[in-house]
Amino acid sequence: MKQRFRLGVDAGGTFTDFVLAEHNGPLRLFKSPSTPDDGTRAIAAGLQQMAEALDMPVGDIIKNCDLCINGTTVALNALIELKGVKVGLLCTAGHEDSIEIRLGHKEEGYRYDASYPPAPQLVPRHLRRPVRGRVLADGSEHEALNEDDILAAIEHFRVESVESVAISFVWSVRNPAHEQRARELVAQHLPGVFVCSGSEVYPQVREYTRTSTTIVNAYLSPVMGRYVQRIDQFFAELGAHSPVRYFQSNGGLAVGNIMRERAVNAINSGPASAPQAGLYIARPFGIDNVITVDMGGTSFDITLAKDGQTNLNRNIDFLRHRIGVPMIHVETLGAGGGSIAHINTFGMLEVGPHSAGASPGPACYGKGGERATVTDANLALGYLRPDAVLGGSIRLDQPKARAAIAANVAEPLGISVERAAYGISTLVNMNMANGIRRISIEQGYDPRDFALICAGGATGMHITALAEELGIHTVLVPKFASCLCAFGQVISDVKYNFLASAPMRLHREADLATLNRLFDDMEAKGRSHLRADGFDDGNIRVHRSLEMRYQGQIHECTVEIANGEITPDGAEQILQAFHHRHEALFTYSEPHNPVELVNLECTVSGLVDKPALPNLAAGEDGVAQAHDGFRAMLFDDSGRWVETPVYRGEQLKAGNRIVGPAAIEEPTTTVIIRPGWQAVLHESGSYQLTRWAE
């Protein structure tokens, strides 16, 4: 850190989280209710809390920040709610319906469901305009570009008040000349309209994926651009010396100009920082396999990192839209503290996916909500202090929580409020555990080989129950768990991803010169961008990977490769790595079958200085000092309440051991330690939770 502070802001659906890291000083946490209509209002409220805590004007705090980093759900929410802009598509004649045909496949889980509705289309049929002209797979021009078709489409877009244009022509990835000319014409005749092309947004093989990714980018970029402009202006007016950095779905940072053009890279902006934060928290424990779970007010986000490397997704269906660009693999469920419990048409209890959000919020917030939520259940079960204050301004109301549970769940089912509350908690735990299985077991990983990292304000009340369900033996709960994603932002590097295609059979005699040239070109571009950002070569790291498959397969798997020139011996090593990866994913390999190389990726990162973790003082007297009475809690369906000791986390010292059942209350989160578990506070500021036997 070059200046006194570094600020991370994570705008969630219910709360906006802030982490202020001070050079050689403490990490400070702040929260304010989110303001989806204008994110700057929530940020202003959080900055005012900082000013009061530090007795320092807001402007002085910002002027002394070397980085102000923003993670946002703006792009994600626009895609979820279908509130992007009106998009027109220029595509190769005859391919107007490729995004609707979707390769003839449905999403996993619905492949054989004839009643499953078709995916919503971001570009209606009348705005998909055909353009004659054809490039072949080898990059040669088979038919000249018909500019009259483009001009006619432009006039149609003008009449239809199109705000954004996506361009995707067949095999543009091998020769982008036609797309480049089409872009020039759109910019010339539709000034002020956003335009992007497939060869820029996703320069890899697969026409459907490239077209869909380009459309999503065109749909979201004007929305993201307006948000970025507001945030950049807001911080500039406060005196920020360096541009605001925005968190990308690939786990890195980028300046606003990049995000305005590539909003598709911001879809998972918020939760994408979680795995890096989880790895950083686990490092003092010598752990490099982590599953980070973040239960906020609206959703439950799950990420995985294996052997110190985050898990990236490519070419996936996200909210039913095919997206090809690299994204941190985030499994997201409608299972937050605000998730609504209800009785379905079959008379069975369900929890989520709908949420009470920030307004009106759970019934216990006292802001007009009348539906029972997970937070209401946790309050009724005794896990939350009855008069607790959340986000600095929301005081919990236990009678309203019980009344909502009674009216919406207990009375319709003919059971007690306590049993209904326990049912809500158990059901949401099962939903979350199944989500963890999807990101681990279904991807070839055993969750028992991982530590579970607790993030989010609500996760601490469920974390030991999740670990029990999954057979996980180690749980880490940092003191700043409720703001872990914001912390992940302040420790993240600036990152650029570059993609290319080179379809070929891979063997010792393959065209390795082309591979080396493509990788060298991508690396050179990344280094150029980072040098312009102020990084020297000593702080730049390069990671390379290949997408490969057995000949005749449809899907590829990603193989990490070493930097530097690919030699014939190196090609053999890459093949062996592919066989091992294929076996890990699918339980078998075919070493004697030919292997095809399809796509290339090069990630170039600029390393930022990381703020240090806390170094807590040790002391045996911490447990006695921290004890803050007892509270009745319910841990099973027996109806037996347990008088449970409660501890103030701020009073605990390094080495202190708390045996469950117990509750540890930190300023922004509560950790419930179920019977059979214990917690030991590490000097780095994290609780290590493990099973124990008397």
Side-chain angles (χ1 to χ4, degrees), residues 11-16 33-37 73-83 107 109-110 116-117 119-120 267-268 270-271 293-302 318-321 330-380 390-391 394 396-397 400-413 420-435 438 456-459 461-462:
T14 305
F15 289 104
T16 296
S34 292
T35 52
D37 56 318
T73 57
V74 166
L76 175 62
N77 291 340
L79 193 58
I80 290 173
E81 299 171 14
L82 296 179
K83 291 184 178 179
E107 295 95 328
Y110 300 97
Y116 192 57
I267 290 174
N268 269 342
V293 292
D294 184 345
M295 186 181 191
T298 305
S299 64
F300 181 69
D301 299 316
I302 315 159
F318 186 86
L319 297 173
R320 308 197 70 191
H321 304 287
V330 181
E331 186 77 20
T332 298
L333 313 177
S339 292
I340 295 171
H342 61 281
I343 308 302
N344 65 18
T345 55
F346 300 102
M348 300 178 66
L349 175 63
E350 287 187 2
V351 180
H354 300 295
S355 171
S359 180
C364 62
Y365 281 13
K367 297 167 63 177
E370 298 180 350
R371 307 289 296 276
T373 69
V374 173
T375 297
D376 294 312
N378 285 332
L379 186 57
L390 303 184
I394 299 174
L396 300 184
D397 188 325
K400 288 184 177 179
R402 292 180 59 86
I405 295 171
N408 293 281
V409 180
E411 292 173 4
L413 293 178
Y422 184 76
I424 294 170
S425 177
T426 300
L427 188 54
V428 79
N429 286 343
M430 293 300 101
N431 292 342
M432 293 188 290
N434 288 336
R438 283 194 292 274
T459 316
M461 290 174 284
H462 301 262

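- Closest approach of Thr16 to Ala11, counting heavy atoms only: OG1-CA, 3.8 Å.
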Begin from the C-alpha positions of Phe300 and Asn431 and carry the test side-chain contact (heavy atoms from CB on, under 4.5 Å) through to its verdict. CA-CA 10 Å; Phe300 181 69; Asn431 292 342; over 6 Å; no
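- Smallest separation of non-hydrogen atoms from Ala404 and Ala363: CB-CB, 3.5 Å.
- Applying the side chain to side chain contact (heavy atoms under 4.5 Å, CB included) rule to Ser299 yields the partners Asp301, Thr332; only residues at least two apart in sequence or on another chain are considered.
- Taking the side chain as every heavy atom from C-beta outward, Leu82 and Pro120 approach each other to under 4.5 Å.
- Note that CD1 of Ile302 is 4.5 Å distant from CG of Leu333, once rounded to the nearest 0.5 Å.
- Shown here for Ile343 and Asn408, the closest heavy-atom pair between the two residues is CG1-O, 3.6 Å.
- Here the closest heavy-atom approach between residue Gly338 and residue Pro362 is recorded as CA-CG, 4.2 Å.
- A salt bridge (charged side-chain N to carboxylate O under 4.0 Å, His left out) check over residues 334-348, counting only residues at least two apart or in different chains, returns nothing.
- Every residue two or more places apart in sequence or in another chain that forms a side chain to side chain contact (heavy atoms under 4.5 Å, CB included) with Ala421 is listed here: Ala377, Ala380, Leu381, Ile405.
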Is there a side-chain contact (heavy atoms from CB on, under 4.5 Å) between His321 and Ile267? Walk through the geometry before answering. CA-CA 12 Å; His321 304 287; Ile267 290 174; over 6 Å; no
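- Listed here is the closest heavy atom pair of Leu413 and Gly347: CD2-O, 3.6 Å.
- Remark: His354 NE2 is loosely packed, at most 12 non-hydrogen atoms of other residues, nucleotides or ligands lying under 6.0 Å away.
- Between the side chains of Asp376 and Thr373, at least one donor N or O sits under 3.5 Å from an acceptor N or O.
- The heavy-atom pair separating Thr459 from Met295 by the smallest distance is OG1-N, 2.7 Å.
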Stepwise side-chain contact (heavy atoms from CB on, under 4.5 Å) check, Val428 with His462: CA-CA 9 Å; Val428 79; His462 301 262; 3.7 Å; yes
Leu396 vs Tyr365, test: side-chain contact (heavy atoms from CB on, under 4.5 Å). Steps then yes/no. CA-CA 5 Å; Leu396 300 184; Tyr365 281 13; 4.0 Å; yes
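- A donor-acceptor pair under 3.5 Å is formed between the side chain of Thr375 and the backbone N or O of Gly337.
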